[in-house]
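Letters A, B, ... are given to chains in the order of the sequence lines, protein chains preceding strands, and every chain is numbered from 1. Just so it is clear, the values below take in all heavy atoms, side chains as well, and ignore hydrogens, waters and symmetry mates.
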Protein chains: 2
Amino acid sequence: MQASSPPTPAGCDGACATCDLHERDAFLPLSDAERDAIAVFRSGSREVAAGRLIIEEHRRSPNLYTLYSGWAFRFKTLSDGRRQILNFLLPGDFMGLQDEFAEGTTYGVEAATDCTLCVFPRDRLWDFFNRQPKLGYAITWLAANEEKAVDDNLVTAGRRAAAERVAMVLLHLYRRAERVGLAADGRVPFFPFQQQHIADAVGLSLVHTNKTLRKLQRLGLHRLEGNVLEILEPHALEQLGDYFERPQRPTPLI
Amino acid sequence: MQASSPPTPAGCDGACATCDLHERDAFLPLSDAERDAIAVFRSGSREVAAGRLIIEEHRRSPNLYTLYSGWAFRFKTLSDGRRQILNFLLPGDFMGLQDEFAEGTTYGVEAATDCTLCVFPRDRLWDFFNRQPKLGYAITWLAANEEKAVDDNLVTAGRRAAAERVAMVLLHLYRRAERVGLAADGRVPFFPFQQQHIADAVGLSLVHTNKTLRKLQRLGLHRLEGNVLEILEPHALEQLGDYFERPQRPTPLI
DNA sequence: CGACCCTTTGAGGGCCGTCAAAGGGGGTGG
DNA sequence: CCACCCCCTTTGACGGCCCTCAAAGGGTCG
C-alpha cells in the first residue's frame, strides 16, 4: 500500500522568480517587485521526509514555511498522547504564524509525505510587512483562511455524528487536493493518509473510523483503497456531511 | 438570575485618542500617529443588545469590529440547528476578518451581554494596512491569536472527555475575563453564559453539561450560581483539563 | 397568579470507545 | 525465492459515556 508514490515534483531551484507554483491559477499573480521581496524574505528550502516533523510541538521554530510540495498536517497532543489534527496542509499553505505571537509553539506540524518547504526566517517577518504591505495583507488573508478551516473542523468534532464527520473530511480533502492539481475527476491518486490520521482529524477512535469508512464505502459514496481515494457520490457526501462549499477564489502565495 | 448586570462601562466617546481600553496593561501601547490612523479607519460605534446578532451567519458584513465592552461569541450552525460556539469574544477582540477573504460569512457573532463595538468599514482595511504596516502586522497578530483559541477548542471537542471539557472551558473563560479586568481573585462577578452556551462551546448536550458541572461543583472545583462564577481550585481544574497556559503577553488593540 | 425560561434530576437506550484478534500486503533477511 | 515480521486494516464482542426523552423545581416578569 505504501508502494506507489507521487511523481517527484519539480524541485524548487531556489529562484522565486521561476517558481512554478505561482503559475497555477489557484494562486493570485504577483508583480516582479513582489516576487523580489519574497525572494529577499526567503532564506532557502528544506526537505522533510514523510512521517518526520516540520515543526516540533512546544518548541519555538525559528522559521516560517510555505509548503512547496507534499502533504502535511498541523496537530496538538494532550499529555497522555491523545492527538488531534487541527488542519491539513497542501502546497501553497503558509505555516508558523501562530507562534509568532505566543510564548512557545503550541502545535506541531508533521509531513505526511516527503515535503519541500520554502524557509522564511521569523525575524525578517516584520521587515517584510514593512516593505510590502500588500504581502502583509496577503499573509493576513492566509491566516484568516486557515482559521476558517479550523472552524469547520471544530464544528465537525463538536457537532457532527460519525458518518457525517467522515463524509465531511473526505470531501474536504478531495477539494483541497483538486484545487492544487493533486486530484482530478473525483480521484486522489496518491492519498497519503492512514485511517489513524482521519480518526485524529475528526475526533473518533481508529476502530470506529474504520467501521464508518466501510459503511460509507458499502453505500457506494466513496472508495478508499491502498492510497487511492475516489469520491463516487460527491452530492450525497455533501448532503450527509451538511458540508457545502463554494469553489475557493485564488489565494495569495508567499 | 438575569437580574444583576455589570456596571455600565464608560462609554466610548468616539475619540480613539482618549479611548480608555488602550490604557489597560493587557494591551500594547500605541503612538499618537497610530491612534490617529485607527481613528481614520474607524467609522463609528455600535450598540448591540444581549442576545442579538452582531454578525449574521451567511451574510457578508460590511464592517469589521473591535469589541469595546461586553461579552460575545462566534458560532456556526448546521442546517438542522445544531450549534457550535467557535470562540468567545471579550473587550479588545477584533472580529470580521475571516470573511474578508471568503465568498460569504461563514459564521455568526452573537452578543452575550449588551455590547459596544468600534466599527471599521471593510473597504478601508487595505488602505489601513498600506498606511500603517505595523498595525497591519498587529491585525495579523490578532488573527493568529484567535486561531490559537480555536485550536484549543478543537482539541477539547475532539479529544477531551466531558469533565475535562468543562474544566477547560471554565478555566479559559476565567483567565480571559481576568486579563481584561472582568474578573479577579478567582471570581467572575457577571458571568454572562447559560449552560446552553457552555454545552455549545464544548460539544456536549445541555443535559450532560449540567450533570458534569454539578459533579465538578460537588468536588469543590468551582461554583457557578446565578451569574457568578468562582474558580475554587484552579490547579485541580488545570490538571483535570490538561490545560496549562502561560500568562499572555500584551496584545495589540485596534 | 400564571407563563416562561433556565436549571436540575431520573430513566433508558444507542453511539462510539476499548479490548482482542485475524487478515493482508510489503519489506527484510536468510 | 521464501519465510518472517511489521504495520495497517478489518471485524467482532462488550461496556460505558453521553444523548434523548421526560418532568419537576425555582426564579423572574407580565
Expressed as a whole number of angstroms, how long is the span from [X]:[atom1] to [N]:[atom2]?
X      : N      : atom1 : atom2 : result
B/Q217 : C/dT8  : CD    : C1'   : 12 Å
B/F193 : C/dT7  : CZ    : P     : 13 Å
B/Q194 : C/dC5  : CD    : C1'   : 8 Å
A/R223 : D/dT9  : CZ    : C1'   : 16 Å
A/Q196 : C/dT18 : CD    : P     : 11 Å
A/R165 : C/dC16 : CZ    : P     : 7 Å
A/N227 : D/dC7  : CG    : P     : 18 Å
B/H197 : C/dT7  : NE2   : C1'   : 14 Å

Which residue lies more 5' along DNA chain D, comparing A/N210 with B/L206 via nearest heavy atoms: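 Here A/N210 is the residue nearer the 5' end.
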Upstream residue (5' side of DNA chain D) when A/R159 and A/Q195 are each assigned their closest nucleotide: A/Q195
Side chain of [X] (C-beta onward), nearest among [options]:
X      : options                : result
B/V207 : D/dC19, D/dT20, D/dT11 : D/dT20
B/L204 : C/dG17, D/dC19, D/dT10 : D/dC19
A/A161 : C/dT8, C/dC16, D/dC18  : C/dC16

Residue from A/T212, A/L170, A/V169, A/N153 passing side chain to side chain contact (heavy atoms under 4.5 Å, CB included) with A/V202: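 Output: one option passes, namely A/V169.
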Distance flag, aromatic centroids of A/W71 and A/F193, threshold under 6.0 Å: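 Between A/W71 and A/F193, which both carry aromatic rings, the centre distance is below 6.0 Å.
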Under-4.0 Å salt bridge between B/R74 and A/E147: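 Yes, B/R74 and A/E147 are salt-bridged.
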Aromatic ring pairing A/F88/A/F73, orientation class (parallel under 30°, perpendicular over 60°, tilted between):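 Geometry flag for A/F73 against A/F88: perpendicular rings.
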Base of C/dG17 paired with side chain of A/K211 (donor-acceptor, under 3.5 Å): no
Separation of A/K76 NZ from A/R82 CZ (nearest 0.5 Å): 13.5 Å
